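Have a look at the structure below, then the notes.
None of these values were measured; they are calculated from a predicted model. Count residues from 1 along the sequence.
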Amino acid sequence: MLTLSGDPAGAPQMLGASQACITASLSAAQGALLAVFHKERTGEGQLVEVSMQEALSIAQETAMQQWDFQRTSRERQGEIPTLPGLGTYATRDGYVYSMVGGPAGASWSELVDWLIEEGAGGELVAGHEAAFRALNMETAVQALRNPAKAAEFGALMPVARETLAAFFATRTSRDIYEEGQRRRLLIGMVSTPKELMESPQLRARDWRLPVGGDGAAADLPGPPYRLSATPATVRRPAPAIGEHNREVWLDEVGIDREEFAALVAEGAI
């Protein structure tokens, strides 16, 4: 992992966000689900063991395959230039986050079509349409490795950024998000808490959990999963003092009723 991270001219750099813990947790969850599936079919349980070091292999992309097939080691690429279409853009009423040209979703070609349809292509479409239809991370890296193309590529980037920024600035975040979704472009709204709680998508899924009452009703963010037999519920924000004493002491702690009554009489609980 370290050999793949950092600038080629410098030393390897540690990745952030505790990657070993994250990948090990994901692997443990997957292993546990497989073990549950096996138990449901056979009645047999088993131990699920996860090594953080082994789990990190999932984050090495094709480094080991490259050695296996080519007998060469992948090297650090350094910082990848920020491409137009990747990042945060201001809109008429907020912001959107765009990953057009990233590893999934529709390509820059679809974005160019959108600009042309809206009459917002400007200089980008007039002089460089073919170049931007082919724009993605792979073509950008290839261009930067070729000194002859690097200068031309660098000159095109401001044109694309300015054209796209101007286009997004004339529209609302929701308009851009919904049209982007229709076109399979990876563009999402930068939502405020208010916008999330009022989201038509989340409302349609009954995501919000209503809690409280007696003038103190509120909605809480809902769960990130849906269980058909045991859906998530919330009784209320917090129990009153001593509200569950009887259940806790008698059912969970297991003291007898006489002892519980004596503690109540003493004011101990």
N/O donor-acceptor pair under 3.5 Å between [X] side chain and [Y] backbone:
| X | Y | result |
| --- | --- | --- |
| Trp207 | Gly222 | yes |
| Thr192 | Glu195 | yes |
| Trp249 | His244 | no |
| Arg71 | Asp68 | yes |
| Arg161 | Gly85 | no |
| Ser5 | Met1 | no |
| Arg208 | Leu202 | no |
| Arg203 | Ser199 | no |
| Thr62 | Gln65 | no |
| Thr230 | Leu227 | no |

Specify the closest pair of heavy atoms between [X] and [Y], including all atoms of both residues, with the distance to one decimal.
| X | Y | value |
| --- | --- | --- |
| Pro12 | Leu2 | CB-O, 3.1 Å |
| Leu4 | Gln60 | CD1-O, 3.9 Å |
| Thr163 | Gly121 | CG2-O, 3.5 Å |
| Phe167 | Ala120 | CD1-CB, 3.6 Å |
| Gly188 | Tyr177 | CA-CD1, 3.9 Å |
| Leu164 | Leu111 | CD1-CD2, 3.8 Å |

[atom1] of [X]: more than 12 outside heavy atoms within 6.0 angstrom?
| X | atom1 | answer |
| --- | --- | --- |
| Glu49 | CD | no |
| Glu247 | CD | yes |
| Tyr95 | OH | no |

Rounded distance (nearest 0.5 Å) linking atom [atom1] of [X] with atom [atom2] of [Y]:
| X | Y | atom1 | atom2 | value |
| --- | --- | --- | --- | --- |
| Ser18 | Met52 | OG | CE | 8.5 Å |
| Leu263 | Glu258 | CG | CD | 11.5 Å |
| Leu86 | Ser98 | CG | OG | 6.5 Å |
| His38 | Leu34 | NE2 | CG | 10.5 Å |
| Glu178 | Arg171 | CD | CZ | 14.0 Å |

Test side chain to side chain donor-acceptor pair (under 3.5 Å) applied to Gln66 and Thr72, step by step: CA-CA 6 Å; Gln66 180 171 321; Thr72 60; 3.2 Å; yes

side-chain contact (heavy atoms from CB on, under 4.5 Å) assessment of Glu110 paired with Leu185: CA-CA 8 Å; Glu110 178 63 36; Leu185 293 166; 4.1 Å; yes

Chi angles and distances behind the side-chain contact (heavy atoms from CB on, under 4.5 Å) call for Ile187, Tyr97: CA-CA 6 Å; Ile187 302 174; Tyr97 187 81; over 6 Å; no

Salt-bridge criterion met for Glu198 and Lys194 (N-O under 4.0 Å): yes

Presence of salt bridge, Glu117 and Arg183, under 4.0 angstrom: yes

Do [X] and [Y] sit in the same hydrophobic cluster, where Ile, Leu, Val, Met, Phe, Trp and Tyr count as joined when their side-chain heavy atoms come under 4.5 Å apart?
| X | Y | result |
| --- | --- | --- |
| Val50 | Leu56 | no |
| Ile58 | Ile22 | no |
| Val248 | Ile269 | yes |
| Leu250 | Val264 | yes |
| Met189 | Leu196 | no |

Side chain proximity check, [X] to [Y], heavy atoms < 4.5 angstrom:
| X | Y | result |
| --- | --- | --- |
| Met197 | Ser191 | no |
| Arg226 | Pro231 | no |
| Arg257 | Arg246 | yes |
| Phe168 | Ser173 | no |
| Leu209 | Pro223 | yes |

Worked check of side-chain contact (heavy atoms from CB on, under 4.5 Å) between Arg92 and Thr170: CA-CA 5 Å; Arg92 199 170 72 200; Thr170 63; 6.0 Å; no

Trace of the side-chain contact (heavy atoms from CB on, under 4.5 Å) decision for Glu118 with Trp114: CA-CA 6 Å; Glu118 297 288 342; Trp114 188 8; 3.6 Å; yes

Residues Thr172 and Thr91: side-chain donor-acceptor under 3.5 angstrom: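 Not at all, the side chains of Thr172 and Thr91 share no donor-acceptor pair under 3.5 Å.
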
